[in-house]
> 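Starting off with a structure, shown below.
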Protein chains: 2
Amino acid sequence: MTTAPTGSRARTRQAILDAAITILSRNPAASLGEVAAAADVGRTTLHRYFPERGDLVAAMQAEAESRLVRARLRARIADDTGADAVRRLCQEYFDLGDVLSLLFRDQGPGDQGPGDSAEPAHDKDNKDDKTDKHGQNDHDDENGPGGSCDPEFAAMVRRGYADGSIDPDLPPDWVQSLIWSQLYAGWSYLAEPGASRHEVLRLVLRSVEGAVRPLRR
Amino acid sequence: MTTAPTGSRARTRQAILDAAITILSRNPAASLGEVAAAADVGRTTLHRYFPERGDLVAAMQAEAESRLVRARLRARIADDTGADAVRRLCQEYFDLGDVLSLLFRDQGPGDQGPGDSAEPAHDKDNKDDKTDKHGQNDHDDENGPGGSCDPEFAAMVRRGYADGSIDPDLPPDWVQSLIWSQLYAGWSYLAEPGASRHEVLRLVLRSVEGAVRPLRR
DNA sequence: CCAGAGTGGAACACTAATGTTCCATTCTGG
DNA sequence: CCAGAATGGAACATTAGTGTTCCACTCTGG
């Protein structure tokens, strides 16, 4: 099996995944036809790689998670002062682009309804099923915006408490919420005026730094 | 016309609107049946007040806009130092609750697709219509998270520049983005851990204040 | 060249939501 | 009490998206 143009499959799959991130992060309810069009493949081909919409969404989240983890590794959050590490983390996360809003949406304040996020959701059986919450939030270690943050992140923040670069009044998971919301703000700010990517990044870093450091130094 | 239980209509309408804000702010793709159920009215009745989904959405946004404006008036953003005014504004906005995420979603970074936001959108005519943008962004003065902010808000920020309570490096519309994203973060933070409403508000105010004030005072 | 993987288009049945109509019931003011 | 407003339920046609099947076409490696 897969004896011939074997690299082609991976390439097509990736193209679909990239398109899905671009399209579905902006509008989670977009049709598969739109995604296929954006990926420049036929809808048939999309279904060949991801039989159901849920498969595509799952693969997308896995991809996002993967990029997120890589970005975090690049940020070396175990080095330097807490605030320095936070700064590097923001820089790396900022470059995630669409993945940002994708992860951001995946757990807003809402219950997101019975479906899994905001899709038309032809789900077939979880309709009157009062016992939903079918483990939709059983991530492994939680790097995303919501939920409680993971140990390494918390360690970074506590390091900041100790070295005086982060206000001890701010709990680690609040710092995490804060970072994500600032990034999201930056990303959305980027869309409107003529602000350059660099300028916006500067504003984000500036604001996060200010929000996080102790009030009177 | 409307000679009899005339106040009843307004009450029902408001109940539907409130339910719509609660439901659709958490999940913009929720069905009208869910909204009707939440409002404790029949779907028929809902359609009687808002013939098409778009009518409901429009009315919802108008209601949100109205609450937003009232909150802003209560904040008296023309008084005291810039930072004080910002603080009051955040407090008032924080109490908007679901309206917050509603307004927040209404203009994320995305193009939101051809439909108007994230609904299944049985729209019937704006499909291949390249000349859409049927004035969906022709708000009057822009108080919401996106876009450029209005004069009064800008004046408040500039007052902050002058009195030294706001960093002149931060443009007014960035300050606005910042406020909104912090509020959103707070609201979503509220959903997860056992944090109390008051505690979260304190964190939000603390973070906004820190993010906005000049780096070294 | 040529077998087979990979693809795209068309057609199909199916589902869920929407929007509409009709009618029976309940509430309310005079 | 009673006329009319207001409502809710049921049934209906319509629409958009989904998932599937089938077939013709195009590459590519051996």
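FYI, side chains are in, hydrogens and waters are out, and symmetry mates aren't considered; it's all heavy atoms of this structure.
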> State which of D/dA11, C/dT7, D/dG17 makes the closest approach to the side chain of A/Arg48.
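Nearest to the side-chain atoms of A/Arg48, counting from C-beta on, is C/dT7.
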> Among residues 11-21 of chain A, which ones have heavy-atom contacts with DNA chain C below 4.0 Å?
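Under 4.0 Å from DNA chain C: A/Thr12.
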> Please compare A/Leu32 and B/Leu46 by the position of their nearest nucleotide in DNA chain D and report the one closer to 5'.
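Result: B/Leu46.
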> On the six-membered ring of A/Phe50, is A/Arg13 placed so that its NZ or CZ lies under 6.0 angstrom from the centre and within 45° of the ring axis?
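Output no; distance or angle outside limits.
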> For A/Ser8 and C/dG6, is the shortest distance between a side-chain N/O and OP1 or OP2 below 4.0 Å?
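So the side chain of A/Ser8 is outside the cut-off, no N or O lying under 4.0 Å from OP1 or OP2 of C/dG6.
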> Answer with yes or no whether the side chains of B/Ser66 and B/Arg70 bring together a donor and an acceptor at under 3.5 Å.
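Side chains of B/Arg70 and B/Ser66: pair found under 3.5 Å.
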> With side chain to side chain contact (heavy atoms under 4.5 Å, CB included) as the criterion, how do A/Asp95 and A/Arg197 come out once you've worked through the C-alpha distance, each side chain's angles and the decisive distance to 0.1 Å?
CA-CA 10 Å; A/Asp95 288 329; A/Arg197 205 181 160 87; 3.4 Å; yes
> Ignoring backbone atoms, test whether B/Arg9 places a side-chain nitrogen or oxygen under 4.0 Å from the OP1 or OP2 oxygen of D/dA6.
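Checking D/dA6 against B/Arg9, a side-chain N or O does come within under 4.0 Å of OP1 or OP2.
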> What is the distance from CG of B/Asp40 to C1' of C/dT26, rounded to the nearest Å?
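After rounding, the gap between these two atoms is 15 Å.
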> Of the options D/dG19, C/dG8, C/dT18, whose atoms approach the side-chain atoms of A/Arg43 most closely?
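Side chain of A/Arg43 sits closest to D/dG19.
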> Rounded to the nearest angstrom, tell me the gap between atom NE2 in B/His47 and atom C1' in D/dC12.
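Between C1' of D/dC12 and NE2 of B/His47: 13 Å.
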> Indicate whether any N or O donor in one side chain lies under 3.5 Å from an N or O acceptor in the other, for A/Thr44 and A/Arg48.
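Not at all, the side chains of A/Thr44 and A/Arg48 share no donor-acceptor pair under 3.5 Å.
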> Side chain of B/Val41 only, heavy atoms from C-beta on: which candidate in C/dG19, D/dT18, D/dG8 is closest?
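When the side chain of B/Val41 is considered, D/dG8 is the closest of C/dG19, D/dT18, D/dG8.
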> If you check every side-chain atom of B/Tyr49, which of D/dA10, D/dG19, D/dT7 has the closest atom?
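That would be D/dT7.
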> Can you tell me if A/Ser188 and B/Trp180 form a side-chain donor-acceptor pair at under 3.5 Å?
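No, B/Trp180 and A/Ser188 have no side-chain donor paired with an acceptor closer than 3.5 Å.
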> Could you tell me which non-hydrogen atom of A/Asp79 sits nearest to which non-hydrogen atom of A/Arg88, and how far apart they are?
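Distance-wise, the nearest heavy atoms are O-NH2, 3.3 Å.
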> Between B/Glu52 (CD) and D/dT14 (P), how many Å, whole number?
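So the CD-P distance, B/Glu52 to D/dT14, works out to 17 Å.
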> Counting side-chain heavy atoms from CB outward, which of C/dT21, D/dT7, C/dA11 is closest to B/Thr44?
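My answer, after comparing the listed nucleotides, is C/dT21.
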> Rounded to whole angstroms, how far apart are CZ on B/Arg53 and C1' on D/dA16?
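These atoms are roughly 13 Å apart.
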> Which whole-number value in Å describes the distance from A/Glu34 CD to D/dG17 P?
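Atom-to-atom, A/Glu34 to D/dG17, this comes out as 7 Å.
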> Answer yes if the side chains of B/Asp18 and B/Gln14 hold a donor-acceptor pair under 3.5 Å, and no otherwise.
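Short answer, yes.
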